[in-house]
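Being a predicted model, the structure only gives us computed values, none of them experimental. Just so it is clear, the values below take in all heavy atoms, side chains as well, and ignore hydrogens, waters and symmetry mates.
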Amino acid sequence: MKIVEPEPLKYEGGTRAVMLLHSFTGTVRDMKPLAQHLHQHGYTVHVPSFEGHGMGPSKLVETGPSDWWQDVLDEYRFLKDKGYENIAVGGVSLGGVLALRAAEKLEAINGAVSMSVPQGKDVQDINRRVLSYTKNFLKFMGEDEEKVREAVDYYRDHPMGSLEDFRKLIDEVHENLGHIDVPVAVKYGEKDAELYMESAKSIYENIDHSGKEIKSYENSGHLMTRGRDQEALFDDIRTFFDALDWQ
């Protein structure tokens, strides 16, 4: 089976622009339903594809947080160059981490949605996600059990070099939450691991902006944009974006 590199999604619409950011080991498909929902309600929505994602473990392990943050910056500058004065941002998991970083560091961001954002991860935790991705991807590609097992064993013994940088990024974003000066909507799934609930509450408590909000979704797990609460989640996100200051 041929691997096709995921293309960024660009839904051109109205004068309000949104960047949506996908998960670690995920692809733009994570965010496509939400992007289409927002576009149907008049938004321009862009979903960058993170470097190394969607191409298998051999490509993923060559990349790291600096590459993924650069993808965010490139899309942000593209939208700015097109004349969008305010840009909302939302993301799930890794995408949520980067959405919070964008809210802290980029001046044109007027609001952010964070979903399923991790906290207190160590390198072993993150590498388990890489191993799971390796197994699932190679099985999807039709590799036999022996090759799958060999690849998983290899990446267990030779973890991707940027895992420590990823851990530091997560910690840095949490440490700098007090610097965020735009509205933030924090979302988490009640069927996700407990640490994500704890992380969501910590994010909410440490953001000082009066426009912050937090909500859980009882039928959702980690990948909230694909969960059973999708309709309610999308409506809530759109309502949050609608209420932002769009100058």
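Surrounding CD of Glu5 are at most 12 heavy atoms belonging to other residues, nucleotides or ligands under 6.0 Å away. In Lys10, the NZ atom is crowded: over 12 heavy atoms of neighbouring residues, nucleotides or ligands sit closer than 6.0 Å. Within 6.0 Å of atom CZ in Arg238, more than 12 heavy atoms from other residues, nucleotides or ligands are found, so the atom counts as buried in its surroundings. No more than 12 heavy atoms of other residues, nucleotides or ligands sit less than 6.0 Å from atom NZ of Lys135.
A donor-acceptor distance shorter than 3.5 angstrom exists from the side chain of His22 to the backbone of Phe50, with no hydrogens or angles considered. Under the 3.5 Å distance criterion, the side-chain polar atoms of Asp165 are left unmatched by any main-chain donor or acceptor of Pro65. One N or O on the side chain of Asp67 and one on the backbone of Gly64 form a donor-acceptor pair closer than 3.5 Å. A distance-only check finds no donor-acceptor pair linking the side chain of Asn219 to the backbone of Asp229 [under 3.5 Å].
Taking a cutoff of 4.0 Å between a charged side-chain nitrogen and a carboxylate oxygen, Lys212 and Glu205 do not qualify as a salt bridge. At a threshold of 4.0 Å, the pair Arg167-Asp171 counts as salt-bridged, since one of the basic side-chain nitrogens sits closer than that to a carboxylate oxygen.
For Arg226, the side chain to side chain donor-acceptor pair (under 3.5 Å) criterion is met by no residue, not counting sequence neighbours. For the ring-ring contact (aromatic ring centres under 6.0 Å, His included) test, residues two or more places apart in sequence or in another chain that qualify with Phe166 are Phe24, Trp68. Residues passing the side chain to side chain donor-acceptor pair (under 3.5 Å) test with Glu190 are Ser216, sequence neighbours excluded. Every residue was checked against the ring-ring contact (aromatic ring centres under 6.0 Å, His included) condition with His174, not counting sequence neighbours, and none meets it. With sequence neighbours excluded, the residues satisfying side chain to side chain donor-acceptor pair (under 3.5 Å) with Asp125 are Arg128. Not counting sequence neighbours, Asp208 has no partner by the side chain to side chain donor-acceptor pair (under 3.5 Å) test.
To the nearest 0.5 Å, atom CG of residue Leu131 and atom OG1 of residue Thr25 are 11.0 Å apart. Atom-to-atom distance recorded for Asp81:CG and Tyr76:OH is 10.5 Å, nearest 0.5 angstrom. Atom CZ of residue Arg101 and atom CD1 of residue Ile109 lie 13.0 Å apart, to the nearest 0.5 angstrom. With rounding to the nearest 0.5 angstrom, the OH atom of Tyr133 is 8.5 Å from the CG atom of Leu138.
A chain of hydrophobic side-chain contacts below 4.5 Å, direct or via other Ile, Leu, Val, Met, Phe, Trp or Tyr residues, connects Ile126 to Val152. Cluster annotation: Val61 is connected to Met141 through the hydrophobic network of ILVMFWY side chains, with a link wherever side-chain heavy atoms come within less than 4.5 Å. Neither Phe241 nor Ile180 shares a network with the other; the hydrophobic side chains, linked directly or stepwise wherever heavy atoms of I, L, V, M, F, W or Y lie under 4.5 Å apart, form separate groups for each. The cluster map of Ile, Leu, Val, Met, Phe, Trp and Tyr, joined by side-chain heavy atoms under 4.5 Å apart, puts Phe240 and Leu100 in different clusters. Note on Val130: it clusters hydrophobically with Phe140, by side-chain heavy-atom contacts below 4.5 Å among ILVMFWY residues.
For residues 176-188, every residue pair satisfying the side chain to side chain donor-acceptor pair (under 3.5 Å) rule, not counting sequence neighbours, is listed here: Lys187-Tyr217. Screening residues 107-119 for side chain to side chain donor-acceptor pair (under 3.5 Å) gives Gln119-Ser202 as the qualifying pairs, with residues at least two apart or on separate chains. Among pairs with a residue in residues 141-160, those fulfilling ring pair (Phe, Tyr, Trp, His ring centres under 6.0 Å) read Tyr154-His158, at least two apart in sequence or across chains. For residues 50-61, no residue pair satisfies the side chain to side chain donor-acceptor pair (under 3.5 Å) rule, not counting sequence neighbours.
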Steps toward side chain to side chain contact (heavy atoms under 4.5 Å, CB included) verdict (Val47, Lys32): CA-CA 8 Å; Val47 186; Lys32 187 174 182 177; over 6 Å; no
What do the steps show when you test Glu146 against Arg149 for side chain to side chain contact (heavy atoms under 4.5 Å, CB included), and what is the final call? CA-CA 5 Å; Glu146 183 177 355; Arg149 185 169 57 253; 4.0 Å; yes
Can Tyr11 and Leu38 be said to form a side chain to side chain contact (heavy atoms under 4.5 Å, CB included), step by step? CA-CA 9 Å; Tyr11 296 99; Leu38 293 172; over 6 Å; no
N/O donor-acceptor pairs under 3.5 Å from side chains in residues 82-99, not counting sequence neighbours:
from, atom 1, to, atom 2, distance (Å)
Lys82, NZ, Glu12, OE1, 3.2
Tyr84, OH, Thr44, OG1, 3.0
Asn86, OD1, Gln247, N, 3.1
Ser93, OG, His222, NE2, 3.0

Between side-chain atoms of residues 14-21 and protein atoms elsewhere (two or more places apart, or another chain), which donor-acceptor pairs fall under 3.5 Å?
from, atom 1, to, atom 2, distance (Å)
Arg16, NH1, Tyr43, OH, 3.2
Arg16, NH1, Asp242, OD1, 3.2
Arg16, NH2, His41, O, 3.4

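When all heavy atoms of Ser199 and Val117 are compared, the pair lying nearest together is OG-O, 2.7 Å. When all heavy atoms are compared, the tightest approach of Val45 to His39 is CG2-N, 4.0 Å. Contact detail for Ala151 and Thr134: the closest heavy-atom pair is CB-CG2, 3.9 Å.
Two residues are said to be in side-chain contact when any heavy atoms from C-beta on lie closer than 4.5 Å; Glu62 and Ser162 fail this criterion. Residues Met31 and Leu9 are not in side-chain contact: their nearest non-hydrogen atoms beyond the backbone lie 4.5 Å or more apart. A 4.5 Å side-chain heavy-atom check between Leu244 and Pro183 finds at least one atom pair inside the cut-off. The shortest distance between side-chain heavy atoms of Asp235 and His37 falls below 4.5 Å.
Applying the side chain to side chain contact (heavy atoms under 4.5 Å, CB included) test between Ile207 and each of Val182, Leu177, Ile214 identifies Leu177 as the sole match.
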